Amino acid sequence: MSSLNALNSKPLRGLRFFVERVLPAFAAALILMMVAVTVVDVVGRYVFDRPLPGAFELTQILLADLVLTALPLTTLKGAHVEVDLLSQVWSNNTQRLAGRFGGTTMAVVFFILSWTVASHGLGLMEEGARTNDLALPVWPVAALAALTYLLSGMVALIPEHLRQEV
């Protein structure tokens, strides 16, 4: 099976669909919620002299969720910040090998992060950890982080030249 056919397999098409369609829709919903929280807080503060309780905390949580949600798409598009000092003097084969090494290393780091954050999130859930102002449970943010790190690791294993082709 060629690598392009492997990339078109059902699990990888599902991964691509989730990363390109579902996560951006979720990110848009998070942005909309951040806008709503900000508008309600500003109008409440300046019109009614009653700001939205916990608005700062809600904004922090929503922003963290937004960054985490964008991570797999950033990985799929190859949009992470890179320092590229030697690639001009390397052959195409060496560049390809370096890209595979970098993608594999990135995947391993994402998988370790996913495992670590998932373990920590389970601990937070068992402890019943909550935020200071609104007493919201903290573990859902850790669960989202574990999921997006896992997805990013899976995406990082797809060779970079094939991520853009399909």
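Not measured: the values here are computed from a predicted model.
Proximity of Lys77 to Leu73: side-chain heavy atoms (C-beta onward) are separated by under 4.5 Å at one or more points. Under the 4.5 Å side-chain criterion, counting only non-hydrogen atoms from C-beta, Leu150 is not in contact with Phe110. Put simply, the side chain of Leu71 does not reach to within 4.5 Å of the side chain of Leu151, judged on heavy atoms.
Smallest separation of non-hydrogen atoms from Met154 and Leu15: CB-CD2, 4.0 Å. Counting all heavy atoms, side chain and backbone alike, Ala107 lies closest to Leu157 at CB-CD2, 3.5 Å.
Remark: Trp90 pairs with Leu86, Thr94, Gln95, Ala98 by the side-chain contact (heavy atoms from CB on, under 4.5 Å) rule, at least two apart or across chains.
Placement of Leu63 and Tyr149 within a single hydrophobic cluster is found when ILVMFWY residues are connected by side-chain heavy-atom separations under 4.5 Å, directly or transitively. Cluster annotation: Val40 and Met34 are assigned to the same hydrophobic cluster (Ile/Leu/Val/Met/Phe/Trp/Tyr, side-chain heavy-atom contacts under 4.5 Å, transitive). Residue Val117 is not grouped with residue Val108 when hydrophobic side chains (ILVMFWY) are merged at heavy-atom distances under 4.5 angstrom, including chains of intermediate members. A continuous path of ILVMFWY side-chain contacts below 4.5 Å connects Phe17 to Val155, so both sit in one hydrophobic cluster. Linking ILVMFWY residues whenever their side-chain heavy atoms come closer than 4.5 Å, directly or via other members, places Val37 and Ile31 in the same cluster.
Other residues, nucleotides and ligands place more than 12 heavy atoms under 6.0 Å from the CZ atom of Phe18.
Within the model, atoms CZ of Phe26 and CG of Leu66 stand 9.5 Å from one another, a figure rounded to the nearest 0.5 Å. In this structure, the separation between CE on Met33 and OG1 on Thr59 is 11.5 Å, given to the nearest 0.5 Å.
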For residues 41-54, which side-chain N or O atoms pair as donor and acceptor with protein atoms under 3.5 Å away, sequence neighbours left out?
unit_1	atom_1	unit_2	atom_2	d
Asp41	OD1	Arg45	NH2	3.3
Asp41	OD1	Leu52	N	3.0
Asp41	OD2	Arg45	NH2	3.2

Listing, residues 121-148 side-chain donor-acceptor contacts under 3.5 Å, not counting sequence neighbours, or none:
unit_1	atom_1	unit_2	atom_2	d
Arg130	NH1	Ala135	O	2.8
Thr131	OG1	Glu57	OE1	2.8
Thr131	OG1	Ala135	N	3.3
Thr131	OG1	Leu136	N	2.9
Thr148	OG1	Leu68	O	3.4
Thr148	OG1	Leu144	O	3.1
Thr148	OG1	Ala145	O	3.2

